[in-house]
Amino acid sequence: MPPSADLPSPVLSASSVAAPPQPRILVPEKVSSEGLALLRSLYDVDFRPAGVPADELLSLIPAYHGLIVRSETKVTAAVLTAGRKLRVVARAGVGVDNIDVDAATAQGIIVVNSPSGNIVAAAEHTIALLLATARNVGRADTTLKAGKWERGKLVGVEVGRKTLGVIGLGKVGMKVARMAIGLGMTVVALDPYASADMAKQAGVRLVGSLGEILPEVDFLTVHTPLLASTLNLLGEAEFQKMRKSARVLNVARGGVYNEEALVKALDEGWIAGAGIDVFTSEPPKEGSFAAKLAAHPKVVSTPHLGASTVEAQENVSMDVCTQVLEILRGGLPTAAVNAPLILPEEYRRLQPFVKLVEKIGSLYTQHFVAGRGGMLGGRRFELSYHGELAGISNTRPLFAALVKGLVSSISDAGGRDVNIVNATLIAKERGMAIDEKHVRDAPASTYASAVTLRSFKQSSKGSDGDKEEQIIEGYVSGKSIYISKLDRFAANFHPEGTMLVLHNYDEPGKIGNVGLALGRHGINITFMQVAGLNSEAKAAVEAAASSVAGSVADGPVEDSESGRLTKEALMILGVAGDVTNEVIDDLSKSEGILNVSLIRL
Ligand SMILES: NC(=O)C1=CN([C@@H]2O[C@H](COP(=O)(O)OP(=O)(O)OC[C@H]3O[C@@H](n4cnc5c(N)ncnc54)[C@H](O)[C@@H]3O)[C@@H](O)[C@H]2O)C=CC1
Ligand SMILES: O=C(O)C(=O)COP(=O)(O)O
């Protein structure tokens with residue numbers, strides 16, 4: 001997708017007189033320099049590693065096109081609304097609980113993250129806390145530094161041959177499970193969405209409920225995201241079901257264990273200890289249970305260090321900066337949180353079709369709607385993928401490209417840029433219904449892959465009553481895109497640049513008249529094509545000829561009202577020059593011209 005109009009281009013031509021301002025990216029947290037260096041070559045990167053207070057962020061954000069954060073910056077709905085130019089918010093890490101993703105979606109802002117850049121770091125930190133809690137490493141270090149030698153008070157437990165419970169067997173949870181098995185532990189896990197096969201292969205026993213896991217484990221670790229369903233997942237009742245010797249770990253998010261209940265469980269001796277990296281307030285607010293937990297003698301606490309390794313920070317920085325770079329220059333992300341994921345190899349295959357479908361959408365609106373006083377709302381569109389393209393299941397970028405093409409030439413899309421995130425919402429808002437069809441066994445054309453857009457006026461009787469009215473078909477050859485059908489006419493042209501599409505009676509002399517009219521206005525013709533009726537339309541005309549006019553099947557048909565021949569054609573002209581309304585009027589008045597549309601693609 002091309003960059004939006006308000007986005008300065010990162011590429012400056014050698015002949016530019018006044019260089020347009022570069023897109024700006026705000027980085028209000030410490031993010032590794034590797035990725036930032038990549039962005040600096042194209043964009044203006046404002047790196048503020050010391051952090052930016054919330055009120056300052058609100059006043060700064062309107063000037064930026066991209067925002068890159070870790071866990072400390074709260075990207076609220078207010079920040080996103082103030083960020084009028086924002087196209088992307090990138091989370092240099094996994095958890096996006098500090099970003100209002102719904103608000104971003106509503107505003108068409110893509111949120112991306114690095115889903116796997118810090119898994120090893122988070123898993124290793126969990127194992128570090130597991131061993132530290134088992135062997136009292138924290139207290140041993142503190143007391144020794146304070147001049148004490150308390151060997152007797154610091155006797156630990158072994159982890160080998162013990163049982164570890166893992167809640168959330170996702171990427172980090174699975175890595176922790178494998179490492180723990182390597183340490184000689186037995187691992188049981190609870191995750192309603194985990195693959196039983198993968199768990200089995202890893203040697204992990206999946207259980208069905210918290211009730212089953214709690215009394216059984218010596219150590220418990222949580223690796224779920226913080227969601228409404230995981231907030232306070234473990235409270236007093238759960239801690240009371242655990243062994244008194246059990247220790248709990250949290251390198252996921254503060255709040256999965258209810259902090260007040262955990263402090264009580266430690267104070268009351270319901271469990272033996274905890275290793276905690278994350279808190280409900282970071283840094284813990286004075287007097288809060290988070291602060292009590294961090295300071296608790298039975299807790300080994302770390303200040304959200306799970307992802308803080310040199311390697312993980314390089315990984316996440318590269319992951320998200322690459323995506324920001326791609327998005328700001330009109331490409332697609334590889335790990336969007338608020339849009340379906342598209343794999344890089346799929347992207348390479350889809351890219352020319354994304355361009356084609358967007359052009360088809362834009363051609364549709366300019367030819368059928370603007371050119372003929374039609375409407376987009378109340379129409380049902382059917383986007384069919386033929387041939388090889390029909391085998392691709394993730395066609396979300398094509399869907400978005402269609403919506404973008406359809407609405408971009410007639411409005412500013414309600415102030416928002418259309419993208420893969422908000423395409424469905426925008427189509428709905430505009431009263432357009434869009435269906436996608438994968439036509440595997442009936443290729444529409446001889447091309448390896450083709451796309452057909454059909455548009456119907458929606459009927460109150462449901463799709464059966466819809467009337468087929470308009471059609472555009474296109475294909476890709478190499479890297480070039482072509483339109484092969486426009487309405488009932490067989491065409492073959494590149495949908496690029498400024499074009500005039502003239503619907504005319506197929507009679508001699510039309511081309512000359514049009515050439516003269518354009519010449520009078522100083523407009524050059526860069527290419528010209530006459531698109532005749534396609535075979536089905538021709539057959540229909542001929543059938544009408546024999547039944548209505550009683551004429552021979554392949555002869556011309558007389559229109560009863562005007563007495564003209566009803567054989568029609570489209571004249572498609574590439575033009576250079578200022579095509580004013582006067583030019584369009586002049587052409588429309590030209591002999592035998594039925595309709596003129598000006599198309600800018
Ligand atoms: N402390 C730190 O610095 C770091 C923390 N994290 C946090 O770790 C967490 C997990 O990360 P990933 O493994 O990458 O995520 P993931 O999405 O791969 O795994 C999460 C798992 O939790 C499971 N889950 C969801 N709701 C559940 C429930 N109610 N009960 C049981 N399981 C449930 C899901 O099915 C999924 O398998 C995230 O919250 C992330 O932010 C990740 C990296 C570093
Ligand atoms: O990736 C995550 O989810 C983390 O929690 C890491 O947070 P951080 O980037 O270190 O502030």
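First listed ligand is number 1; within each ligand, the first listed atom is number 1. Scope of the values below: all heavy atoms of this structure, side chains included, with no hydrogens, waters or symmetry mates.
Taking each heavy atom of A177 and V204 in turn, the nearest pair found is CB-CG2, 3.8 Å. Across N118 and A312, no two heavy atoms sit closer than the pair CB-CB, 3.7 Å. The two atoms that bring I392 and H438 nearest to each other are O-CE1, 3.0 Å, heavy atoms only. Pairing each heavy atom of I213 with each of L190, the nearest pair is CD1-N, 3.8 Å.
A donor-acceptor pair under 3.5 Å is absent between the side-chain atoms of R329 and the main chain of I327, judged by distance alone.
Atom NZ of K175 is surrounded by 12 or fewer heavy atoms from other residues, nucleotides or ligands within 6.0 Å.
For ligand 1, the protein residues within 4.0 angstrom (heavy atoms only) are V94, G95, N118, A122, I167, G168, L169, G170, K171, V172, L190, D191, P192, Y193, H223, T224, P225, T230, V251, A252, R253, D277, V278, H304, G306, A307. Using a 4.0 Å heavy-atom criterion, the residues that approach ligand 2 are R70, S71, R91, A92, G93, V94, G95, N118, R253, H304, A307.
Contacts of L144 classified as side-chain contact (heavy atoms from CB on, under 4.5 Å), with partners at least two apart in sequence or in another chain: W149. With sequence neighbours excluded, the residues satisfying side-chain hydrogen bond (donor to acceptor under 3.5 Å, both in side chains) with D141 are K145.
Between D435 and K437 there is no salt bridge, since no side-chain nitrogen of the basic residue lies less than 4.0 Å from a carboxylate oxygen of the acidic one.
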